[in-house]
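Single-structure report; data block below.
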Amino acid sequence: MKKLFAVFLCLAVHLSAQITPATPLVKDPFFTQQPGAAQGEKVKLVHADFVKKDPKRYDGNTFFENNVHFEHQGSVLTADLVIWYEKDNFIKAIGNVKLVNTDGSVITSGEMEYDGDSQRGIAKKNVVLTDPKQTIRTETLYYDRLSNRAYFNTGGTITDGQSVMYSKSASYNVATKMIDFTGNVKIENRQYIVDGTNFIQNQNTNVTTFNGPTTMINRDNPKNRVYTEKGTYNQNTEEVWLNKNSIIYYNDKTLVGDAMYFNRITGFGTARGNVTLNDPLEKRYIKGEYGEIFQKIDSAMVTEKPYAVKILEKDSAYFSAEKILAYQKMDSVGQKKSYLRAYKKARFFKTNIQARGDSLSFNETDGILHLTVNPIAWSGAKQVSGDEIKAYFNVENEYIDSLKVNGNAFAISKVDSLNLKDEFHQVKGKLMTIYYKENEIHLAHVIGNAQAVTYADDQNEETKEPVRVGVALSTCGIIEALFEERKIQIISCNIGAITDIHPMSKISDEQRFLPGFNWNTKDRLLKWQDIFLDSPGYEEIKYISDNPLFQAAETEAAKKRAEEEAKNPKRTRR
């Protein structure tokens, strides 16, 4: 009886279709088949509680109600109502629509159109596509069974159990599990938020490629973020590779480079090519060709021709070496302080002081510059060297307060920088503290085997011009020397003090220089660009030994010796 009813039903539908002319079906352009494409199988009715046909409804096409089931090449569609355009191999489903595909994906919606020939469907109204990898929600979804692709352009979300992705448009390959997001894309999870214009995500590997301006923001600390215009992010390992116009923001600092890497778990990042590490709070940046950052311990390193610039209001400071480190740490009282360290061939330039040494350390917070391994510093027409030099800066007015030199301390000052005479004031000893006054060396305090060579002048009462009196040689346990303009005045010489003033006619060239004297004009940094050179290699200044009084005295003494020898009778051998 049931079989007879089914035959009668099909016959009634067929006869009705012949009597009632149907309006031609107008399909969405999405259903247009490509030329030469294979024709799909016919859509098959599996079950419906009611079969109806009404000339006034659905253009006279047959429709099915309640528990409607259609099947097409293994995919099953169910709905409350289905209109069947049998000649066009096309159906429209309305109400509680559900399409179960052979690949395990399921689409639910309020409405759906499906074309059996092109094997394409359009789902509308509260559309949800689910598969084992994620869930897609949108208002209109286009689905192509042949290419296994689904896409939307009405805005939607995709969730994968860890993240929620928002996009104006997206294309999803069900077979490869690749999703292509375009237009105002956003990814959110518990750790971060990503905003961009185009993401391509592999749901199998959880690797996302960013194309176009993209920002990844840390939820716990929104100031820590990553910007790129082309990059790749691995969600499993939380590693990101940045390849175009990229910036890593961390701890109020930024790192940029041509190619960068950052691990969100460890806080470790690298940059290569045109690297800049910027610290706006310290008003300092470091440049080089390779850099590393360690976010969790707030430190960084730059190598391959690195240099650092400390931007000051009146006079910036420049640093260079083979390797530069920048870091922050707490001191003994819990105050965070910033440090800069430079290793191998360290150079420092500031207009009021220049220095070089093998290693350099700068406490930026307290303004202490520490140079080791054959350090030498220049300030004006004065030079200081020793085993170790510490320079103390006033961080408020940017002036130099003092220098401390430990071991083989040697200070040299040109007597008159306007001439080429080899006349130099000199002070040396074991330990030396040099005090500055308005960025000029003012006072030197020397302890331990202190020695000094100073040129003594007097004033001609008639011409009011300085007249050279002689050279003072001082040897003491402790010396205090006052620097005033082109003069050095020994204001105290204590503990085993010996001071002799030699007239210019009585002191030789050798006596005028303390052991270890080395006035270095070849290696001095005269401009900030000199920090990049092992040595600027300036032409060494040749000073003239000009002591006419001593030379005249020597000539006169030689003349008298010759006269005395002439008076002595000559001996002849027999």
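Worth knowing before you read on, the calculation uses all heavy atoms, side chains too, and leaves out hydrogens, waters and symmetry mates.
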Notebook entry, point to check: Is the shortest distance from a Lys or Arg side-chain nitrogen in Lys244 or Asp258 to a carboxylate oxygen in the other one below 4.0 Å?
Noted result: no
Check: Where do Glu322 and Lys344 land on the salt bridge (Lys or Arg N to Asp or Glu O under 4.0 Å) test, with the steps shown first?
Finding: CA-CA 6 Å; Glu322 292 183 359; Lys344 298 295 183 183; over 6 Å; no
Notebook entry, point to check: Which value, rounded to the nearest 0.5 Å, describes the distance between Met165 atom CE and Gln201 atom CD?
Noted result: 4.5 Å
Next item on the list: Please name the pair of heavy atoms, one in Ile479 and one in Cys476, separated by the smallest distance, quoted to 0.1 Å.
Entry: CG1-SG, 3.5 Å
Next item on the list: Please tell me if the side chains of Leu443 and Ile434 come closer than 4.5 Å, counting only heavy atoms from C-beta onward.
Entry: no
Checklist line | Pairwise salt bridge (Lys or Arg N to Asp or Glu O under 4.0 Å) hits with a residue in residues 289-303, at least two apart | finding: Lys253-Asp298
Checklist line | salt bridge (Lys or Arg N to Asp or Glu O under 4.0 Å) evaluation trace for Lys223 with Asp252 | finding: CA-CA 7 Å; Lys223 290 192 297 183; Asp252 297 313; 3.0 Å; yes
Note to self: For a quick check under 3.5 Å, do Glu282 and Ser338 share a side-chain donor-acceptor pair by atom type?
What the structure shows: yes
Note to self: Measuring from atom CG of Asn126 to atom OG1 of Thr138, what distance do you get when rounded to the nearest 0.5 angstrom?
What the structure shows: 10.0 Å
Notebook entry, point to check: Looking just at side-chain N and O atoms, do Trp378 and Gln354 make a donor-acceptor pair shorter than 3.5 Å?
Noted result: no
Item checked: Check: Asn198/Asp180 side-chain N/O donor and acceptor closer than 3.5 Å -> yes
Margin query: If I compare all heavy atoms of Ala346 with all of Ser359, which pair ends up nearest, and what's the gap?
Written below: CB-C, 4.0 Å
Next item on the list: Supply the atom-to-atom distance Lys310 NZ to Tyr285 OH, rounded to the nearest 0.5 angstrom.
Entry: 13.0 Å
Notebook entry, point to check: When rounded to the nearest 0.5 angstrom, what distance separates NE2 in His370 from NZ in Lys390?
Noted result: 5.0 Å
Next item on the list: Specify whether Trp528 and Tyr307 have parallel, tilted or perpendicular ring planes, treating 30° as the upper limit for parallel and 60° as the lower limit for perpendicular.
Entry: tilted
Item checked: Close aromatic pair by centroid cut-off 6.0 Å: Tyr392 and Tyr399 -> no
Next item on the list: Please round to the nearest 0.5 Å and tell me the distance separating atom NZ of Lys430 and atom CG of Asn449.
Entry: 5.0 Å
Item checked: Thr130 and Thr135 side chains, donor-acceptor separation under 3.5 Å -> no
Note to self: Please check: side-chain N/O of Lys414 versus main-chain N/O of Asp416, any donor-acceptor pairing under 3.5 Å?
What the structure shows: yes
Item checked: Pair Tyr261-Glu239, side-chain donor/acceptor within less than 3.5 Å -> yes
Note to self: Checking Tyr327 against Arg341: is there a side-chain donor and acceptor pair closer than 3.5 Å?
What the structure shows: yes
Checklist line | Side chain His425, main chain Tyr455, donor-acceptor under 3.5 Å | finding: yes
Checklist line | Distance-only side-chain donor-acceptor flag, Thr215 / Asp195, under 3.5 Å | finding: no
Checklist line | Between CD1 on residue Ile179 and OH on residue Tyr172, distance to nearest 0.5 Å | finding: 6.0 Å
Next item on the list: Kindly say whether the aromatic ring centers of Phe210 and Phe199 come within a distance under 6.0 Å.
Entry: yes
Next item on the list: Using the six-membered ring wherever Trp is involved, compare the ring planes of Tyr151 and Tyr142 and label them parallel, tilted or perpendicular (cut-offs 30° and 60°).
Entry: parallel
Margin query: Using salt bridge (Lys or Arg N to Asp or Glu O under 4.0 Å), reason through Asp534 and Lys345 one step at a time and then give a plain yes or no.
Written below: CA-CA 7 Å; Asp534 288 345; Lys345 300 179 181 179; 3.3 Å; yes
Check: With under 30° as parallel and over 60° as perpendicular, where do the rings of Trp519 and Tyr543 fit, or are they tilted in between?
Finding: perpendicular
Margin query: Could you walk me through whether Asp144 and Arg149 satisfy the salt bridge (Lys or Arg N to Asp or Glu O under 4.0 Å) test, starting with their C-alpha distance in whole Å, then the side-chain angles of each, then the deciding distance to 0.1 Å, before giving a yes or no?
Written below: CA-CA 5 Å; Asp144 187 336; Arg149 297 182 68 87; over 6 Å; no
Notebook entry, point to check: Does a donor on one side chain sit under 3.5 Å from an acceptor on the other, for Asp387 and Asn406?
Noted result: no
Next item on the list: Evaluate the side-chain proximity of Phe410 to Gln426: yes if any heavy-atom separation is below 4.5 Å, no if none is.
Entry: yes
Margin query: Taking the ring centre of each residue, are Phe319 and Phe362 less than 6.0 Å apart?
Written below: yes
Notebook entry, point to check: Is it true that a side-chain atom of Arg512 and a backbone atom of Asp422 form a donor plus acceptor pair closer than 3.5 Å?
Noted result: yes
Next item on the list: For Arg219 and Asn189, indicate whether the former's side chain and the latter's backbone hold a donor-acceptor pair under 3.5 Å.
Entry: yes
